[in-house]
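Below, chains carry the letters A, B, ... as their sequence lines are ordered, and counting in each starts from 1. Here the structure is a predicted model, which means the values were calculated and not measured.
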Amino acid sequence: MILHRLTSLLLNLVHSQREERELDEEVRSHQLLLADEKIRAGMSPQEAHRQARLELGGVEQVKEQVREIRAGHLLETLWQDVRFGLRMLRNSPGFTTAAVLTLALGIGANTAIFSISDGFIRKPLPFPGLDRLVYFSETEPAVTSEPIGISPANFLDWQSQARSYDSVSAWSLDSVSLTGHDAPLKVEAARVTPNFFTTLGAKPLWGRTFAADHDGRGQDQELILTRGFWERQLGSDPNIWSRSLRLNGRSYAVIGIMDQSVNFPPGVDVWVPMALKDNEGFNRKDRYLRGIARLRPDVSLRQADSESKTIARRLSESHPDTNGGWSAQVDTLTDWLNAHITGPFVVLMSTVVAIVLLIACANVANLQFVHASARQREIAVRTTLGAGRWRLTRQMLTESLMLGFAGAAAGMFIARWSLHLFVGYMPADIERFVPGWDQIRLDTRAFLFAIGTAGVAGILAGLVPALRGSRPDLNASLKEGARGGLTGPSSHKYRDALAIAQIALALVLLVGAGLMIKGFHALQDMNRKYQPETLLTMRVTLPYVSVYDDPQRRLAFYDRALEHLGAIPGVRDAITAKGFPFSGLRDDGPYWTEGHLEESASMQRVAVLQSISPNYFQALGVSLIEGRVFRDSDGPDALPVAIIARRLARAEWPNSSAIGQRIKVNTRDASSPWLTVVGVVEDVHYVWMDRAEGPAIYRPYRQSPQYYAAFALRAKGDPAAIVPAARAAIAAVDPERPIFEVKTMARIISGSTLPMAYLAVMLAIAGGLAVLVASMGVYGVIAFGVTERTHEIGVRMVLGANPFDTLQLIIRGGMLLTAAGIAIGLPCALALARLSAYFLYGVRANDPFICIASPAILAGVALFACYIPARRATRVDPMVALRHE
Amino acid sequence: MAPDQTNLLQGTLDMMILKALALTEMHGLGISRRIEQITKGTFQVKPGSLFPALHRMEEQGWLLSYWGESENNRRAKYYKLTGAGRRQLAAETKRWGRIALAITRTLEAS
């Protein structure tokens, strides 16, 4: 049956001319046969033919009905519709331009966001078969749902036991120092297992990758460069092959250069092989490796995940001391990369542009209502000539779709332009850490997306006008001189509803934008207490396998570094910490309070663990609430002490003072000392995402010297001026240790709040667009209403209405629409705001200012949009208006 | 017959056309006259419903059409049943019998 229909469809396409002729002939022959019959019954030939014609009914109507039946008819009429539509659109350039531009804005914005999300989500990295690459890690379900990493010994067991993968590898990213140049240089070095690039499927631009020798271990002392690093830091040295580079005091031979797109792990400068032999391979406790593997083609992610849990269970049984309570999980690499910022970012932005598109569609739908009423006569004529309702609906839908496609074409330009802006404003030092950034472009997928969006938009904007417009009131429309119009009350209802919807949606966006901008400001205000412009920060790392294995040596390094830094002229304070607020260096760890060491795993709490110098709080303006700050005497041999944030103190000891209480951090075994709480300080926000904000525990650096740290110098004058002196100060302590990420706190903050700044700007633009388009919508409805009611207004004026009454009448109509839109939009906006408040600092959903200001702005713009047509109404000349009828 | 009545009897019309064509092939006018005759004038099939029905049934593969000569030497389009058409007629007849029986029972129930 389907086959039959298909062949018939094809035949109809091929024979459409013949079909048409045959149909004509058939109907004509029927008429003749009818006439014959009547003649035989004794009628005069002339009368017989007349009767036959009457009995047949309209020849054209019969034929049209038959044509509708024909399957192939659809395609043929589509082509007719398109040609006719083109003519219609060309004949009303004003309408066409307005509709296409409105749709272009909506489609362009959606296409741009689609390209961005596509870059992040689908192809963050240029590896073949990216969907088969997985990130595997151990997890400690009782402490956090976040994947942790994997320890070397566990990794080796995995590598030999897992059956789900073609290849299993690991990496760890360390900051190391490159020496042999003017100043030691901080380099992001990824130590990778030799099969790392095989797993990724990445080939070097030049040279080769690490060779695995017979026991699967790579040659030490080999190194692969990223192209960017080679160009930036080594001046594209063509003789790089014959040179060796010194990293952390060991020399490495360059064996290959990778293209910049192989930015994995994100931010990497060089790769060195990891041999996991000797002691390191037996380390089951420290989970600093990251695992990546390529799934076998016939294995699903679920299977791999459940296998990983089986292996983890087996390991926790055989090694309860290090693996007890640990499980494992497998995610796709893309999911892991997108877990943090980009996920919510993409969801929020997609919602925003979808709303813009909806507003645009509502606007174009209204334009089409107006347009349809202008051609009411044409439609009525076609109806009497035999066009079916479905046929007319389709014609109008086709026109709407054509508007959509034209909008998509124009929208591609808008998308290109906005992508240019979006990508262009991202600072290079942040861009490197966002995988997929360099993949953002308008490609075929974006193009297909735009076409799909155009189709949806065309139908959304055209369906109701088409259904309404194809059911004309024949009598009224065909009357000579009638100003054809969809003037029935139900048409008003539709147009008003669309205008209300636009206002409501615009309000949602406006409130969103307002909250975001306000939140951004609150964030900047909050940071002002740090006086970030005069605080110069820098980082330093101490290598694991070196003299710094000894905590005494690390302590001595920090002691002397702080002493040298503090002595620089122009420096008021020199402080150290593991990481400063917003720097992204934030170490979360578990803690236990005394008496609750055996607390069940589900009760486990986590805090930001800091290691600071005594003057940290004073230099950052963080006030002490209770107890004392650290002293220089809180050294390695003194009583281990800690200061806790107010939030933690309240949570743990709500009814008593926290001072004198004892806690353990990181581990609860005997090797971990009891820390006595000596002070409580106010809370510090370490990241801008409110959700990630946790309580903090501070320890003096002299009791917990770390392998990495940040320094900050409070400058009396220009912070840039003290940079050389700071480098010299560190070099005086250890010439091999580079300082890096030297920037003011202000830059750190602006860098880490950049996603929010992006969101704020984009929401502001989207909100502005929405208000503009929605007010154009209100304007259109009111202006059309005035045109329709010219006669009525004329009569009112003759009957004594003054211009002010008229103005009031028209504006009242528009403001009622606006009020209805606001009444509907405000609850929706608040619901949405509650969502965004969830993950943005300083965004309070029911902010009174935003809740009042946004509707007020919208109402103001709408008022202006109503005022223009209303004023035109007051200028109606009653005589002209009445004669017009 | 009023137009909305034709709509009501859409399926019935198909069945009657199939029945009319069961004996011999006919042109459009012949079919409508035959139906008039069978139903003793109760149903008069107007061209407006006849032709769309014929074309639809042809699309569905129940009918075949060809050009032939009428009784009085006019060129006319003739329709005849296909195998599928005969099967359809049989199925329709059976269905109709069931429906008619059910309706009769409903109306006769007290």
Side-chain angles (χ1 to χ4, degrees), chain A residues 1-13 15-16 18-41 45 48-49 51-74 386 388 390-391, chain B residues 1-7 10 13-14 17 25-37 41 43-80 82-85 87-88 91:
Chain A
M1 174 104 149
I2 289 175
L3 195 72
H4 189 86
R5 266 187 170 267
L6 267 179
T7 40
S8 152
L9 186 108
L10 285 174
L11 279 175
N12 277 1
L13 275 181
H15 298 299
S16 88
R18 214 190 68 193
E19 286 273 9
E20 196 65 29
R21 220 172 33 235
E22 275 200 11
L23 180 58
D24 198 41
E25 233 175 301
E26 186 178 6
V27 176
R28 209 134 30 89
S29 104
H30 186 88
Q31 198 184 332
L32 290 175
L33 284 171
L34 256 181
D36 282 353
E37 215 181 22
K38 292 185 194 305
I39 292 169
R40 252 180 294 149
H49 281 285
Q51 287 288 340
R53 214 164 33 238
L54 271 179
E55 203 172 318
L56 192 60
V59 174
E60 275 309 307
Q61 253 153 351
V62 171
K63 280 164 69 180
E64 182 79 19
Q65 273 169 314
V66 172
R67 279 192 216 115
E68 293 277 11
I69 297 294
R70 291 280 166 189
H73 187 60
L74 193 76
W390 164 233
R391 180 81 175 73
Chain B
M1 193 159 53
D4 48 36
Q5 221 171 333
T6 348
N7 273 343
Q10 181 95 61
L13 177 63
D14 286 5
I17 292 174
E25 41 218 56
M26 271 183 270
H27 54 65
L29 188 63
I31 296 171
S32 52
R33 290 294 173 253
R34 174 88 181 134
I35 291 176
E36 261 179 66
Q37 188 199 338
F43 289 98
Q44 291 180 6
V45 188
K46 288 275 162 62
S49 24
L50 178 69
F51 282 113
L54 285 174
H55 281 258
R56 192 181 59 246
M57 290 162 77
E58 192 184 357
E59 292 274 2
Q60 271 159 337
W62 300 339
L63 304 182
L64 267 179
S65 70
Y66 63 91
W67 287 95
E69 292 273 300
S70 79
E71 322 57 48
N72 38 6
N73 299 331
R74 288 231 185 258
R75 223 169 98 77
K77 200 173 188 186
Y78 276 76
Y79 290 88
K80 71 176 196 185
T82 63
R87 281 195 295 281
Q88 178 68 16

Return all side-chain donor-acceptor pairs below 3.5 angstrom for residues 29-37 of chain B, not counting sequence neighbours, or 'none' if the list is empty.
residue: B/S32; atom: OG; partner: B/L29; partner atom: O; Å: 2.9
residue: B/R33; atom: NE; partner: A/E37; partner atom: OE1; Å: 3.0
residue: B/R33; atom: NE; partner: A/E37; partner atom: OE2; Å: 2.5
residue: B/R33; atom: NH1; partner: B/E36; partner atom: OE2; Å: 2.7
residue: B/R33; atom: NH2; partner: A/E37; partner atom: OE1; Å: 2.7

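- Shown here for A/S29 and B/A76, the closest heavy-atom pair between the two residues is OG-CA, 3.8 Å.
- Between the NE2 atom in A/H30 and the NZ atom in B/K77 there is a gap of 13.5 Å [rounded to 0.5 Å].
- Other residues, nucleotides and ligands contribute over 12 non-hydrogen atoms within 6.0 Å of the CZ atom of B/R75.
- If you tally non-hydrogen atom pairs under 4.5 Å between each of A/R28, A/E26, A/E25 and chain B, the highest count goes to A/E26.
- Going from atom CG of A/D36 over to atom OG of B/S70 covers 7.0 Å, rounded to the nearest 0.5 Å.
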